[in-house]
Participant: 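Take this structure, written in structure tokens, and hold onto it; I'll ask about it next.
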Amino acid sequence: MTTILKNWKTAAAAAVFAMMPTLASASNLQADDYVGISFWLISIAMVASTVFFYAEARRIGGKWGVSLLVAALVTLVAAVHYFYMREVWVTTGESPTVYRYIDWLITVPLQMVEFYLILFAVGAATSRIFWHLLVGTLVMLLGGYFGEIGVVDATLGFIVGMLGWVYILYFIFAGEAGQKAAAAGGAVASAFSTMRLIVLVGWSIYPLGYVLGYMTGTVDPASLNGIYNIADFVNKIAFGLMIWAAATSEEA
Ligand SMILES: *C/C=C(C)/C=C/C=C(C)/C=C/C1=C(C)CCCC1(C)C
């Protein structure tokens with residue numbers, strides 16, 4: 001465990017350096033480009049969160065250390081994508097759809113790993129739980145992606161995406177994962193219930209962005225990206241902070 005965290009220090013530093021050229025190539029951000037400004041703010045917030053979660057992972061260690069390390073990976077992966085997405089938005093005013101979904105394809109499964117790790121900490125995890133959550137995630141993201149790029153009708157993509165999300169919700173509220181966490185009690189049960197509230201409330205911001213972006217008769221990239229950016233801020237940074245709060249509550 002400690003060795004993993006020590007090696008990660010070097011890896012995290014290398015990743016930050018890899019990002020430097022992108023940091024330097026900032027385009028001319030206009031004062032009235034609020035979506036562009038949100039891209040900027042969130043990209044920097046992701047970097048700061050990564051450093052924080054990583055430092056806390058090392059300090060706290062143990063079972064929560066791994067969870068915090070995964071939280072740091074989520075914000076690191078998002079930070080790198082936000083630098084590229086910001087560039088696409090500021091220079092073209094178009095939705096960086098492909099970068100957005102590549103980011104989600106990596107970060108959403110990592111968040112599913114978080115659920116698994118929380119349960120693992122009390123010996124209640126099964127690989128079945130992880131696979132079910134992963135399948136739900138893939139259905140949700142593929143439906144949304146094909147709808148956004150126009151391979152399928154936007155409404156059809158939305159319906160498929162919603163089915164994947166509803167399946168995840170069912171699984172963590174009523175299914176096996178939920179039952180096991182409730183039985184565990186303590187900081188694990190409370191971390192798990194806060195995390196699933198994020199999946200219910202925090203995640204609901206994404207379909208809202210999709211509806212306003214694609215399903216009102218015209219394609220509206222500003223609403224779409226503005227809402228997706230707020231959603232990422234809530235679901236990546238606040239989500240990590242929930243884990244951190246659970247970790248430090250047990251520490252006290
Ligand atoms: C860090 C990124 C996260 C947590 C992304 C989450 C994305 C979603 C919950 C997307 C959900 C969607 C639906 C429920 C319906 C169809 C369209 C999507 C893909 C936007």
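Here, residue 1 is the first one in the sequence, and each next residue gets the next number. Atoms within a ligand are numbered from 1 in the order they appear, just like the ligands themselves.
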Participant: Any chain of hydrophobic side-chain contacts (each under 4.5 Å) joining W40 to I230?
Facilitator: no

Participant: What are the atoms of ligand 1, with element, lying closer than 4.0 Å to any heavy atom of G144?
Facilitator: 17 (C), 19 (C)

Participant: Considering only protein heavy atoms, which is closest to atom 6 (C) of ligand 1, and at what distance to one decimal place?
Facilitator: Y206 CE1, 3.4 Å

Participant: Under 4.0 Å from a heavy atom of Y101: which atoms of ligand 1 are those, numbered in the order shown and with their elements?
Facilitator: 19 (C)

Participant: Can you list the residues that meet the side chain to side chain donor-acceptor pair (under 3.5 Å) rule with Q111, with sequence neighbours excluded?
Facilitator: none

Participant: Considering only the protein, which heavy-atom contact is closest to atom 12 (C) of ligand 1, and what is its distance?
Facilitator: M140 CG, 4.1 Å

Participant: Give a yes or no on this: more than 12 heavy atoms of other residues, nucleotides or ligands lie within 6.0 Å of atom OH of Y210.
Facilitator: yes

Participant: Quick check on contacts: which atoms of ligand 1 are under 4.0 angstrom from a heavy atom of V108?
Facilitator: 2 (C), 3 (C), 4 (C), 5 (C), 6 (C)

Participant: Are the side chain of T75 and the backbone of A72 linked by a donor-acceptor contact shorter than 3.5 Å?
Facilitator: yes

Participant: With atoms numbered from 1 as shown, which atoms in ligand 1 lie under 4.0 angstrom from a non-hydrogen atom of T107?
Facilitator: 1 (C), 2 (C)

Participant: Give the residue, atom name and distance (to 0.1 Å) of the protein heavy atom nearest atom 17 (C) of ligand 1.
Facilitator: Y210 CD1, 3.6 Å

Participant: Could you tell me which atoms of ligand 1, counted from 1 in the order shown, lie closer than 4.0 angstrom to a heavy atom of Y228?
Facilitator: 20 (C)

Participant: Relative to the heavy atoms of D232, which atoms of ligand 1 are at a distance of less than 4.0 Å?
Facilitator: 1 (C), 2 (C)

Participant: Run the side-chain donor-acceptor check on residues 196-203: report pairs under 3.5 Å with partners two or more places apart or on a different chain.
Facilitator:
| from | atom 1 | to | atom 2 | distance (Å) |
| --- | --- | --- | --- | --- |
| R196 | NH1 | I172 | O | 2.7 |

Participant: Would you name the heavy atoms of G209 and L224 that are closest together and state the gap between them?
Facilitator: O-CD1, 3.4 Å

Participant: Can you find a pair of side-chain heavy atoms, one from M112 and one from F115, that are under 4.5 Å apart?
Facilitator: yes

Participant: Check contact between Y145 and ligand 1, using heavy atoms of the residue and a distance below 4.0 angstrom.
Facilitator: no

Participant: Ignoring hydrogens and geometry, is there a side-chain-to-backbone donor-acceptor pair from N235 to A231 under 3.5 Å?
Facilitator: yes

Participant: In ligand 1, which numbered atoms sit nearer than 4.0 Å to a non-hydrogen atom of K236?
Facilitator: 1 (C), 2 (C), 3 (C)

Participant: Near W203, which atoms of ligand 1 are under 4.0 Å from a heavy atom of that residue?
Facilitator: 4 (C), 9 (C)

Participant: Please state whether Q111 comes within less than 4.0 angstrom of ligand 1, counting heavy atoms only.
Facilitator: yes

Participant: Tell me if a side-chain donor or acceptor on E94 pairs with a main-chain N or O of W89 at a distance below 3.5 Å.
Facilitator: no

